[in-house]
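For clarity, every value in this text was computed on a predicted model and none was experimentally measured.
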Amino acid sequence: MQHLDGKKAEQFVRYRQYPEGDIGRIKAQQAFIKALLEQKLRLEYLSKANDIFKAIKENVKTNITAADVAKNLSMIKALNSNNIQMYQLPGEPKMINGASYFVADDQKTISLIEESFGYKLSLK
């Protein structure tokens, strides 16, 4: 268990030296998002939503308004790390002309979207 300030949190989600490469980084970022939600979606923070939104508004450029936040507060309260699904784009890492790329698998991506979200897609 670690307590991260903003700088350490940024270092954690940007770290790149995992044995699995970018796949390891993605897993670490997903774990970070879940831990962040578990911490910040507690009642003690939700009751300070206006103060938090004000601080965000002063430091982040966004078109989200306080009214937008208030309108979605009930939905935000219903969130928890157990009911959030995270997906990884199907594919594989490849070296192409000396550069590292992640090449998506289009057919597996379509299958993932169709199975997970109920959309019917096809390759063109």
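Contacts of Ala28 classified as side-chain contact (heavy atoms from CB on, under 4.5 Å), with partners at least two apart in sequence or in another chain: Phe12, Tyr18. Scanning for side chain to side chain donor-acceptor pair (under 3.5 Å) contacts around Glu114 gives an empty result, with sequence neighbours left out. Evaluation of the side chain to side chain donor-acceptor pair (under 3.5 Å) rule for Asp22 yields Arg16 as partners, not counting sequence neighbours. By the salt bridge (charged side-chain N to carboxylate O under 4.0 Å, His left out) test, Glu92 pairs with Lys94, sequence neighbours left out. In this structure Ser100 satisfies the side-chain contact (heavy atoms from CB on, under 4.5 Å) test together with Met95, sequence neighbours excluded. In this structure Gln30 satisfies the side-chain contact (heavy atoms from CB on, under 4.5 Å) test together with Ile26, Met86, sequence neighbours excluded. By the side-chain contact (heavy atoms from CB on, under 4.5 Å) test, Ile113 pairs with Thr109, Phe117, Tyr119, Leu121, sequence neighbours left out.
For residues 23-37, the set of pairs meeting the salt bridge (charged side-chain N to carboxylate O under 4.0 Å, His left out) definition, not counting sequence neighbours, comprises Glu20-Lys27. Every pair tested for salt bridge (charged side-chain N to carboxylate O under 4.0 Å, His left out) that includes a residue from residues 67-76 fails, sequence neighbours excluded, so the list is empty. Applying the salt bridge (charged side-chain N to carboxylate O under 4.0 Å, His left out) test to every pair with at least one member in residues 56-67, sequence neighbours left out, gives no pairs at all.
Other residues, nucleotides and ligands place more than 12 heavy atoms under 6.0 Å from the CD1 atom of Ile84.
Cluster annotation: Leu89 and Tyr87 are assigned to distinct hydrophobic clusters (Ile/Leu/Val/Met/Phe/Trp/Tyr, side-chain heavy-atom contacts under 4.5 Å, transitive).
Here Tyr101 is tied into one hydrophobic group with Ile96, Val103, each link being a pair of ILVMFWY side chains closer than 4.5 Å.
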Can you give the donor-acceptor pairs under 3.5 Å from side chains of residues 2-10 to other protein atoms, not counting sequence neighbours?
residue: Asp5; atom: OD1; partner: Lys7; partner atom: N; Å: 3.2
residue: Asp5; atom: OD1; partner: Lys8; partner atom: N; Å: 2.8
residue: Glu10; atom: OE2; partner: Arg14; partner atom: NH1; Å: 3.2

